[in-house]
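Heads up: the structure comes next, in structure tokens.
Nothing here was measured: the structure is a model prediction, and the numbers come from that model. Quick note: numbers below take in every heavy atom, side chains included, and nothing from hydrogens, waters or symmetry partners.
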Amino acid sequence: MKDTVLLRSPRLILRAWRDSDLPAIARLNADPRVMEFMPACLDRVASDAMVARMQAAIETQGFGFWAVEAPGIADFIGFVGLNRPGFAAPFMPCIEIGWRLAHDFWGRGYATEAAQAVLGFGFDDLGLDEIVAFTAAVNLRSQGVMQRLGMQHYRAEDFDHPALPAGDRLRRHLLHRLTRERWSERLKRE
């Protein structure tokens, strides 16, 4: 796999995936705390396949979910990036931002910091007009990141995730949006 640094923030590097990331992401994907708001934990085979898909997306479309490292602290702490969701919903097509960090790195502002770098890339380099985020209604931690990023919750567009069965506690999802205009206004204020 390529070892290209794609994005930097004050404390983090977002980069292409390395073979050496595979054991760490497998541990992350098998951690019930990390996967609490996902349908299930992943075994090593499923985790490796997920990384292969994420790296292929980066190579074919120029963006995707990048590995995140915290130099001097850890070579791999999780992933953050942009994605084209593949399910049907009224707000499709869209580009979403998402993140997943190892539990040991929660509560340090890393998800927000990395996501800010990704939003800058999406708006400034890719020229996107809007980036969305969504999560299960019960995932308050991710909703907090969305709010810190300046994303707005669009209650009228909340939806039941089609990949989850009726009655599943994770089925109801909240949609947040951020426009390039709102992003630019926020940067001017900071």
Side-chain angles (χ1 to χ4, degrees), residues 1-9 11-31 34-71 74-87 89 92-106 108-126 128 130-136 139 141-143 145-146 148-149 151 161 163 173 175-176 178:
M1 295 180 194
K2 295 180 192 175
D3 189 23
T4 306
V5 173
L6 298 176
L7 301 172
R8 289 184 184 269
S9 70
R11 300 179 296 162
L12 304 170
I13 295 173
L14 286 76
R15 58 168 172 75
W17 292 86
R18 300 177 187 148
D19 290 335
S20 60
D21 297 326
L22 295 176
I25 192 167
R27 286 189 300 277
L28 179 152
N29 286 328
D31 185 337
V34 173
M35 301 299 283
E36 178 182 2
F37 302 111
M38 300 303 291
C41 291
L42 302 180
D43 64 17
R44 177 64 189 261
V45 172
S47 182
D48 288 357
M50 182 184 81
V51 171
R53 289 189 305 273
M54 292 189 294
Q55 183 61 31
I58 292 168
E59 291 172 2
T60 60
Q61 64 190 11
F63 65 86
F65 289 115
W66 294 291
V68 179
E69 67 178 79
D75 290 336
F76 176 83
I77 67 168
F79 62 86
V80 179
L82 299 171
N83 181 49
R84 293 181 198 274
F87 60 87
M92 298 294 183
C94 68
I95 301 293
E96 71 160 319
I97 187 168
W99 46 83
R100 187 178 303 167
L101 297 184
H103 185 264
D104 290 347
F105 301 99
W106 290 4
R108 300 183 192 185
Y110 289 145
T112 302
E113 182 177 326
Q116 286 171 329
V118 169
L119 288 170
F121 175 81
F123 291 128
D124 299 336
D125 295 292
L126 297 179
L128 299 174
E130 179 181 72
I131 297 172
V132 305
F134 47 84
T135 190
N139 187 348
R141 189 171 278 115
S142 279
Q143 290 172 50
V145 174
M146 294 171 196
R148 285 188 292 281
L149 294 172
M151 303 188 92
H161 199 294
H173 273 56
L175 180 73
H176 288 70
L178 183 62

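- At a cut-off of 3.5 Å, with distance as the only test, a side-chain donor of S142 or W99 sits close to an acceptor on the other residue.
- Taking CD1 from I58 and CZ from R53, the interatomic distance works out to 13.0 Å, rounded to the nearest 0.5 Å.
- At least one side-chain heavy atom of F76 sits less than 4.5 Å from a side-chain heavy atom of L28.
- Within the 4.5 Å cutoff, no side-chain heavy atoms of V145 are placed close to those of T135.
- The side-chain heavy atoms of M35 and R100, taken from C-beta on, include a pair separated by under 4.5 Å.
- F121 pairs by the ring-ring contact (aromatic ring centres under 6.0 Å, His included) definition with W66, not counting sequence neighbours.
- Contact check on R15 versus D21 returns a salt bridge, with a Lys/Arg side-chain nitrogen under 4.0 Å from an Asp/Glu carboxylate oxygen.
- The shortest side-chain heavy-atom distance between I95 and R84 falls under the 4.5 Å cut-off.
- The pair E69-R18 meets the salt-bridge criterion, since a charged nitrogen lies less than 4.0 angstrom from a carboxylate oxygen.
- Between the side chain of W17 and the main chain of F65, a donor-acceptor pair closer than 3.5 Å is present.
- Taking the salt bridge (charged side-chain N to carboxylate O under 4.0 Å, His left out) definition, one finds that R44 meets it with D48, sequence neighbours left out.
- T112 has its side chain within reach of L149: a pair of non-hydrogen atoms, C-beta onward, lies under 4.5 Å apart.
- Taking the side chain as every heavy atom from C-beta outward, I25 and M50 approach each other to under 4.5 Å.
- Heavy-atom minimum distance, P85 versus M92: CB-CE, 3.3 Å.
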For the pair V80 and L12, evaluate side-chain contact (heavy atoms from CB on, under 4.5 Å) and give the outcome as yes or no after the intermediate values. CA-CA 11 Å; V80 179; L12 304 170; over 6 Å; no

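- Qualifying ring-ring contact (aromatic ring centres under 6.0 Å, His included) partners for Y110, counting only residues two or more places apart in sequence or in other chains: none.
- Each of N83, L119, L178 was scored for a side-chain contact (heavy atoms from CB on, under 4.5 Å) with I97, with one residue passing: L119.
- Under the side-chain contact (heavy atoms from CB on, under 4.5 Å) test applied with C94, the options L128, V132, I131 reduce to a single match, V132.
- A distance of 10.5 Å separates CG of L6 from CG of D125, quoted to the nearest 0.5 Å.
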